[in-house]
Amino acid sequence: MVTTTIKDTDFKNFDERKRIKFINALSGFKSANLVGTINNEGQTNLSIISSVVHLGASPALIGLVIRPDIARRDTLENIRENGFFTINHVNKSIVEKAHQTSARYPQDQSEFDACDLSEEYKDDFLAPFVLEANIKMAIKFVREIKIEENGTHFLIGEIKSVHLPQDCLEEDGHINIHKAGTICVSGLDSYFSTVPLGRLSYAKADRPPSWL
């Protein structure tokens, strides 16, 4: 395989769009999630996010990055306003609609309506879930960290409930997200279905891993 080297002095001179796409793809395959929020006037918002990360299991924490709020950021403002949001896995059947939520709609127009996705409310949780998503989480906002270097916002949330197909939850707690149809994303606009290789045993220093 022929390789090339691109130094920071090179990609800093890319035009803005090319540089954004290049850097965004470097972290590899990422999760694709829809974040559902609502403001105190009842206006809902839905936004596709590829920056959701696991932060810990006890307590059950999850994090995500929101772009700088130099422009209107309805997702960020809604979370700040009432402290609740949902995270919903994007699956194969809704990938085009999910991608469309990244378009700039007027503040008074919900992406649920604009992108033909359905609001769902569960267990008196304030924020809307995506009905068409197979795996979804109710999240309580914990803390916001401003990343000074580029103005982005890292949000920490606590998982309050999880909703998923029963046959995707295995005895040992593993979630078979492939069976749920969850997809992943590379860069800003390249979506991929998944093909599982299998599960490996817990790594120990005295033996190589084995396929379960």
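Since we're looking at a predicted model, the values are computed, not measured.
The pair Lys97-Glu132 does not count as a salt bridge, with every side-chain nitrogen at least 4.0 angstrom from each carboxylate oxygen. Taking the charged nitrogens against the carboxylate oxygens, Arg80 and Glu77 do have a contact shorter than 4.0 Å, which makes a salt bridge.
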Pair Glu111-Leu117, side chain to side chain contact (heavy atoms under 4.5 Å, CB included): steps then yes or no
CA-CA 8 Å; Glu111 287 80 3; Leu117 291 164; over 6 Å; no
What do the steps show when you test Gln107 against Gln43 for side chain to side chain contact (heavy atoms under 4.5 Å, CB included), and what is the final call?
CA-CA 9 Å; Gln107 189 171 17; Gln43 176 66 52; 5.8 Å; no
Checking Ile38 against Leu126 for the side chain to side chain contact (heavy atoms under 4.5 Å, CB included) test, could you report, in this order, the C-alpha distance in whole Å, the side-chain angles of both residues, the deciding distance, and whether it holds?
CA-CA 8 Å; Ile38 189 170; Leu126 179 63; 3.9 Å; yes
Walk me through it: do Trp211 and Leu197 pass the test side chain to side chain contact (heavy atoms under 4.5 Å, CB included)?
CA-CA 9 Å; Trp211 291 100; Leu197 296 176; 4.2 Å; yes
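Using a 4.5 Å heavy-atom cutoff, the side chains of Ile135 and Pro165 are in contact. Residues Leu76 and Glu144 meet the side-chain proximity criterion, which asks for heavy atoms closer than 4.5 Å. Counting heavy atoms from C-beta on, the side chains of Lys7 and Lys12 never come closer than 4.5 Å. Between Ile139 and Glu158 there is no side-chain heavy-atom pair separated by less than 4.5 Å. Residues Glu41 and Glu81 form a side-chain contact, since some pair of their non-hydrogen atoms from C-beta on lies under 4.5 Å apart. Contact of the Thr86 side chain with the Lys136 side chain is not registered, since no non-hydrogen atoms from C-beta on lie closer than 4.5 Å. Considering only heavy atoms from C-beta on, Ser47 stays 4.5 Å or farther from Asp74 through its side chain. No side-chain heavy atom of Phe125 sits under 4.5 Å from any side-chain heavy atom of Lys140.
Checked by atom type and distance alone, the side chain of Arg143 never pairs as donor or acceptor with a backbone atom of Ile156 at under 3.5 Å. A distance-only check finds a donor-acceptor pair linking the side chain of His178 to the backbone of Thr194 [under 3.5 Å]. Side chain of Asn33 to main chain of Ile87: no donor-acceptor pair is present (N/O by atom type, distance under 3.5 Å, no hydrogens or angles).
Taken together through direct or relayed side-chain contacts under 4.5 Å among Ile, Leu, Val, Met, Phe, Trp and Tyr, Phe129 and Met137 form parts of separate hydrophobic clusters. At a threshold of 4.5 Å between side-chain heavy atoms, the hydrophobic network of Ile, Leu, Val, Met, Phe, Trp and Tyr places Phe84 and Val35 in two separate groups. Note on Val142: it clusters hydrophobically with Phe154, by side-chain heavy-atom contacts below 4.5 Å among ILVMFWY residues. Both Ile177 and Ile62 belong to a single network of hydrophobic side chains, linked directly or stepwise wherever heavy atoms of I, L, V, M, F, W or Y lie under 4.5 Å apart. Phe85 and Val162 end up in the same hydrophobic cluster when Ile, Leu, Val, Met, Phe, Trp and Tyr side chains are linked at under 4.5 Å.
A pairwise comparison of heavy atoms in Gly151 and His153 identifies O-NE2, 3.4 Å as the closest pair. Residues Ala127 and Gly36 approach most closely at CB-O, 3.8 Å, considering heavy atoms. Between Ile48 and Ala98, the shortest heavy-atom distance links the atoms CB-O, 3.6 Å. Taking both residues in full, the closest heavy atoms of Pro209 and Ser201 are given as CA-OG, 3.5 Å, listed atom of the first, atom of the second, then distance. For Asn88 against Ala133, the heavy-atom pair with the smallest separation is CB-CB, 3.7 Å. Shortest non-hydrogen contact noted between Lys21 and Asp189 is NZ-OD2, 4.0 Å.
Counted by atom type alone, Tyr191 and Glu96 present zero donor-acceptor pairs between their side chains at under 3.5 Å. Using modelled atom types and a 3.5 Å distance limit, the side chains of Lys30 and Asn24 yield a donor-acceptor pair.
Distance check, rounded to the nearest 0.5 Å: CZ of Phe29 to OG of Ser190 gives 9.0 Å.
Only one option out of Asn78, Thr75, Thr101, Asn39 pairs with Asn45 in a side chain to side chain donor-acceptor pair (under 3.5 Å); it is Thr75.
Ring geometry for Phe11 against Phe22 counts as tilted: the plane angle lies between 30° and 60°, on a 0 to 90° scale.
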